[in-house]
Amino acid sequence: MYQTLANRLCEALTRHIGERYGVTLEIALERPPKLELGELASPVCFELAKRLKRAPRQIAQEIAANLGHVEGVARIEVAGAGYLNTHFDRGAFWASVQEEAKHGAAPEKKEKVIVEHTSINPNKAAHIGHLRNAVLGDSMARVLRHMGERVQVQNYIDNTGVQVADAVIGFLRVQKLSLDQVQKLAAQPKFDYLCWDVYADTTEVLEKDQEKAAEWRAETLRAIEEGQGVAAKMAAVIANAVVSLHLKTMARLGIYYDLLVRESEILHLKFWDAAFVELKESGAIQYATSGKNAGCWIMPWSQGTGNGEENGEEAEAQAKIIVRSNGTVTYVGKDIAYQLWKFGLLGKDFHYAKWPDAPAQRPLWATTSGANDPEAPHFGEAAATVYNVIDSRQAYLQDVVAQGLRALGRTREAERSIHLSYDIVALTPRCARELGYELSAEEAKKAYVQVSGRKGLGVKADDLLDRLEAATLAEVKQRHLEMPEAEQQRTAHEIAVGALRFFLLKFTRTAIIAFDFKDALSFEGETGPYCQYAVVRIRGIRRKGAEAASANPGVSQTFAANILSGAEGEGLWESVLLSGSLDHAIEAAIGAQEPAFVAKYAFQLAQVFNLFYHKHRILSEENPEKRAFLLRLTELVEAQLLRALSLLGIEAPEKM
RNA sequence: GCGCCCGUAGCUCAGUUGGAUAGAGCGUCUGCCUUCUAAGCAGAGGGUCGGGAGUUCGAAUCUCCCCGGGCGCGCCA
């Protein structure tokens, strides 16, 4: 509702200023520092003063007197050197928010949006860094869905890459296991953990003998690409098993996908060939006949000054190789093909089959080069916008992909290829030590240590969840002896997920998270459980107040308006206002592609509620109309807080 | 060398397009459970917003320079 009013005011001011002063300008709106100054303010008169060469306060007074009625606004006052302070009509706001809170997500739009996230190499267990990616992508998808976007969630599976090849080398060459043996291992519940260790050991072996490594890798990669032989079969066994385990891990956090896009199909269905033709014909890539890139297809690239005419050597050094001189395509090339397909620009589509080993909650499909299941949704439909959740280290490559689209004349699609970039999750030195990692003197001094799949250093997602669930279960048992075991488990799980997801979402995307068990296992202060606890308190009130509620009179808008404007109204009004500001938080979150804004909102709302909770005794309030009002207010806070938490993928238990 | 990100309280971080007295959590100290759940609340203390110059009526926010940290720039992915 807050956003609605902001939009209304913005419109009214734009029109009024245009008509009266013949000036068009951006209307800046902000939240005043104190509630006495109103709910919405504009410093626009300062800008106007400059243009009109008049005193800002004088202009502000004119506007305040002549703007006329804006729906939902009680009055506009001039303050300070010339601020226009808007005071809401509290009764009307109360009524509108009640109405608004009843509605769910916005009606679905026609355009399709793709969010690609998770995309973990299927050769080892998922770790905390992967969780940040998945939680960010999942929350973004939830927020977009709430706004009526038709979101399709994709998870890219690089099942033919070097990482899987290294795992194959590990099992086949280093461990000297047969396909049969690996197949048996792959059926075990913690096969991804085994892969974690095997992969770490293997990289160590390969690093010691680079020559052998190059030979083995080339051989294995070729076998995988051609789909021939034991190595190829083993790669499929490993990748499929690990993907299913990743899906299971993510399901624990309430994260699901619509489609698994596998690199093997991009290869077998010749997606690259189609993209290659396009890129060649449009001149987006060129064949280098001389210099260091001779024999390669390259994309010209000018980073930095962009002065156009750089010298040849520099241009050559900066050009991005798309096809190697041996004719094989690079990772970026494949990514361009994939991106073209997402926008429906490739003129090709995958075949689809149900993924056999999917969590039950949502149907899951995967690309296949086998027969196409006619039941499959139309995944090939062009997306209007594509969000790629990828860590910030790959920003350059994402730029190359967008540049590829632009070179093909697809500027619109390039603009709508959104790299949802985020920084890494590292470990505090203490945490790394806790995991049994030996720090060098240099590492010990730093603020954080990078996780490394190759070194096997990192916090495995399932381990972390296990620890969180154990910790929350202990707390729940202590507090709720009476609770049946199953409910204790469920409650502990919800709190654990709330703690973890909130922990990963409370940081903005550019912050490097230095992970520490102490912080992640914290349930107090700015955490998920704090927010959940506010909901639980409300539910307690509602349970006890259920019979009283039915006997309560309705709350008239006049009563609400009076109490909200009265002497003790400020605190209550703060709760109402913030409850009605969810739309504003969501708008900001989408604008900045920053789910952290929603997390911040949820925390603030919980905080304001707790304040209100301690000030007012609700059920023992003697005035029946006031009691009814306080009850309605708690329900309103509950609805909005639950909505905000659900956008973060967090549920609130009944008791905790 | 070039490009991107970061530097705000002891620690970890917010601060959307420049706006009013720079905020929160943790930690420290002091209080509050016979009351709707204390995973909570109240209070105290804590700041040259890395440094400097500039633009502006107004700068944590924009520009430039410098300092410190991270990442990227491969016929790897």
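Chain letters run A, B, ... following the sequence lines, proteins first, then strands; residues in each count from 1. All figures in this text were calculated on a predicted structure; none of them were measured in a lab.
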Could you check whether any side-chain N or O of [X] sits under 3.5 Å from a backbone N or O of [Y], counting only pairs where one atom can act as donor and the other as acceptor?
X	Y	result
A:S139	A:L136	no
A:R509	A:D423	no
A:N133	A:T118	yes
A:R627	A:E621	yes

Just how far, in rounded Å, is [atom2] of [N] from [atom1] of [X]?
X	N	atom1	atom2	answer
A:I513	B:U12	CD1	C1'	11 Å
A:Q450	B:C5	CD	C1'	13 Å
A:K53	B:C57	NZ	P	11 Å
A:K615	B:C36	NZ	P	21 Å
A:I224	B:A77	CD1	P	13 Å
A:K320	B:C73	NZ	C1'	8 Å
A:F502	B:A14	CZ	P	12 Å
A:Q58	B:C57	CD	C1'	16 Å

Of the nucleotides [options], which one has an atom closest to the side chain of [X]?
X	options	result
A:A511	B:A77, B:A14, B:A39	B:A14
A:L611	B:C41, B:G40, B:C13	B:C41
A:T508	B:A14, B:C36, B:C41	B:A14
A:F597	B:C36, B:A39, B:U16	B:U16
A:K544	B:C36, B:C6, B:A39	B:C36

Once you apply a heavy-atom cut-off of 4.0 Å, does [X] come out as touching a base, just sugar-phosphate, or nothing?
X	result
A:V536	base
A:V476	base
A:A606	nothing
A:N121	nothing
A:I590	nothing
A:Y613	base
A:H419	nothing
A:G591	nothing
A:K446	sugar-phosphate

Distance between [atom1] atoms of [N] and [M] (Å, rounded):
N	M	atom1	value
B:A9	B:G50	P	8 Å
B:G18	B:G54	C1'	15 Å
B:U17	B:C75	P	39 Å
B:G27	B:G69	P	31 Å
B:U8	B:C62	P	16 Å
B:A53	B:A59	C1'	14 Å

- Query: Between A:Y530 and A:F523, does the ring centroid distance fall short of 6.0 Å?
  - Reply: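 Ring-ring flag for A:Y530/A:F523: false, centres at least 6.0 Å apart.
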
Compare side-chain N and O positions of [X] against OP1 and OP2 of [N] and report whether any pair is under 4.0 Å apart.
X	N	answer
A:Y422	B:C71	no
A:Q398	B:G72	no
A:N610	B:C41	yes
A:R509	B:C4	no
A:R393	B:C73	no
A:Y530	B:C41	yes
A:R217	B:A77	no
A:R543	B:C36	no

- Above 12 or not: heavy atoms from other molecules or residues under 6.0 Å from CD of A:E651? no

Could you tabulate the donor-acceptor pairs under 3.5 Å formed by side-chain atoms of residues 36-47 of chain A, not counting sequence neighbours?
unit_1, atom_1, unit_2, atom_2, d
A:E39, OE1, A:F88, N, 2.6
A:E39, OE2, A:W573, NE1, 2.8
A:S42, OG, A:A28, O, 2.8
A:S42, OG, A:V44, N, 3.2
A:E47, OE2, A:R51, NE, 3.4

- Query: Where along nucleotides 18-31 of chain B does protein come under 4.0 Å, by heavy atom, of base (B) or sugar-phosphate alone (S), with - for untouched nucleotides?
  - Reply: -BBB--SSS-----

- Gap separating the CG atom of A:L5 from the CG atom of A:D583, nearest 0.5 angstrom: 8.5 Å

- Message: To the nearest 0.5 Å, what is the distance between CZ on A:F597 and CD1 on A:I586?
- Response: 13.5 Å

For [N], which nucleotide is its Watson-Crick or G-U wobble mate, given both distances must be under 3.5 Å?
N	answer
B:A9	none
B:G31	B:C41
B:U48	none
B:G72	B:C2
B:A20	none

- Query: Parallel, tilted or perpendicular: which fits the ring planes of A:F503 and A:F507, with parallel below 30° and perpendicular above 60°?
  - Reply: perpendicular

- Any side-chain heavy atom of A:D516 within less than 4.5 Å of one from A:D519? yes

- Message: Assuming nearest nucleotide by heavy-atom distance, tell me which of A:I541 and A:E475 is located more 5' along RNA chain B.
- Response: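 It is A:I541 whose nearest nucleotide is closer to the 5' end.
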
- Message: Closest-nucleotide mapping onto RNA chain B: is A:I512 or A:Q163 further toward the 5' terminus? I mean the 5' end.
- Response: A:I512

- Query: Does A:S325 get its side chain close enough to the base of B:C75, under 3.5 Å, for a donor-acceptor pair?
  - Reply: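 Yes, a donor-acceptor pair under 3.5 Å.
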
- Establish, yes or no, whether the cationic atom of A:R537 lies under 6.0 Å from the six-membered ring centre of A:F609 and within 45° of the ring axis. no

- Given the 90°-from-0 boundary between syn and anti, B:C33 should be labelled syn

